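Inspection log for the structure reproduced underneath, given as structure tokens.
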2 protein chains.
Amino acid sequence: MDEGRKTYLEAKSRVLKALGHPTRLLIAEELGRGERCVCEFVEMAGVDYSTVSRHLNVLKQAGLVEDEKRGKQVFYRLRVPCVLSFMECLEQVIRTGAEERMKMIGQDQ
Amino acid sequence: MDEGRKTYLEAKSRVLKALGHPTRLLIAEELGRGERCVCEFVEMAGVDYSTVSRHLNVLKQAGLVEDEKRGKQVFYRLRVPCVLSFMECLEQVIRTGAEERMKMIGQDQ
DNA sequence: CTATTATTTGGTTATTATGCCAAATATACC
DNA sequence: GGTATATTTGGCATAATAACCAAATAATAG
């Protein structure tokens, strides 16, 4: 495999990995509806401020969100809205997987 | 947050997480062109058979691939091709991130 | 049945991720 | 300046990942 492809795979998988956590995916989905401050995620996700702050940093490092400080609060925004278009496909993966499991049960074994 | 959404976020993030590794993303991209046997990934990715096998299992558990044994070999296939449609968006995330970094350099700071 | 090839699994180790608490920082308000 | 609020960072404990080697399993060929 050439070096260029390797680097590219690393960059792309880094973005996917950033979205590959329930709390971070929740954050991304919420940001799809508009900007939010950190405190809103703390409430929604039910985890510590410090934890949310670190999740937001992972998303930021991956290039998915940007932040802006206004007054005492920091507001986050989705930087590349197309990531929300993944959802439909993810649902399909999950649905297909569930059907498969049903079939497995149907066939004894 | 209601229990249903939580479960759903977990399921969706599990799929993204499965794709969030360079070797597994390579595998997914290759499978986009057609079925492949394990040995092909071993060669392409330059890692151990055991490592590839475990990566394939992660993809399988996530519902992304299916396998079929034929003779001595095991062939893997993409089960839900839409995941390849992520790539364009991922590239956009990376590109936008790179531009941003260029701007940061432009502005002293 | 034995040897060979392809793949998976068990076991170990090193690295990374996650979450909390406490402390540091930044901003606004009085 | 002093206090309160919002967020980030340092430190730590625990859990999850990733890679390798060696051994187990499965299938074919001889």
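Letters go in sequence order (proteins before strands), and every chain restarts at 1. This is a predicted model, so every value here is computed, not measured.
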- Query: Honestly curious: do A:Met87 and B:Val93 fall in one hydrophobic cluster under the side-chain, below-4.5 Å linking rule?
  - Reply: yes

- Is the distance from OP1 or OP2 of C:dG19 to the nearest side-chain N or O of A:His55 less than 4.0 Å? yes

- Query: Which whole-number value in Å describes the distance from A:Arg36 CZ to D:dT7 C1'?
  - Reply: 18 Å

- Hey, does the side chain of A:His21 come within less than 4.0 Å of D:dA16's phosphate (OP1/OP2), counting only N and O? no

- Item | Face-on cation placement of A:Arg36 at A:Tyr76 ring, 6.0 Å and 45° thresholds | no

- Grab the CG-P distance between B:Asn57 and D:dT17 for me, whole Å please. 12 Å

- Under a single-linkage definition using a 4.5 Å side-chain heavy-atom cutoff for Ile, Leu, Val, Met, Phe, Trp and Tyr, are B:Leu26 and B:Phe75 assigned to the same hydrophobic cluster? no

- Answer with base, sugar-phosphate or nothing: what part of the nucleic acid does B:Val58 contact at a heavy-atom distance below 4.0 Å? nothing

- Nearest whole angstrom, please: distance from the P of C:dA17 to the CG of A:Leu59. 13 Å

- Below 4.0 Å: OP1/OP2 of C:dC20 and any side-chain N or O of A:Thr51: yes

- Message: How many whole angstroms separate atom CG of A:Leu56 from atom C1' of D:dT9?
- Response: 14 Å

- Task: Can you check each nucleotide of nucleotides 24-30 of chain D against protein heavy atoms at under 4.0 Å and return B for base, S for sugar-phosphate only, - for none, in 5' to 3' order?
- Result: --SBS--

- Rounded to the nearest angstrom, tell me the gap between atom CD in B:Gln61 and atom C1' in C:dT9. 14 Å

- Select base, sugar-phosphate, or nothing to describe what B:Phe75 touches, counting heavy atoms under 4.0 Å on all strands. nothing

- Message: Using side-chain heavy atoms (C-beta onward) and a distance below 4.5 Å, is B:Lys17 in contact with A:Lys17?
- Response: no

- Task: Could you pull out the closest heavy-atom pair between A:Leu16 and B:Gly20, with the gap in Å?
- Result: CB-CA, 3.9 Å

- Message: Does a side-chain N or O of A:Tyr49 approach OP1 or OP2 of C:dA23 to a distance below 4.0 Å, or not?
- Response: no

- Item | Under 3.5 Å donor-acceptor, A:Arg24 side chain and A:Ala18 backbone | yes

- Task: Specify the separation, in whole Å, of atom CZ of A:Arg54 and atom P of D:dC12.
- Result: 13 Å

- Mind calculating the distance between CD (A:Gln73) and P (D:dT8) to the nearest angstrom? 11 Å

- Message: Is the ring pair A:His55/A:His21 parallel, tilted or perpendicular, if the boundaries are 30 and 60 degrees?
- Response: tilted

- Rounded to whole angstroms, how far apart are CG on B:Leu16 and P on D:dT17? 15 Å

- When A:Gly20 and B:Cys37 are each assigned the nearest nucleotide of DNA chain C, the 5'-most assignment goes to B:Cys37

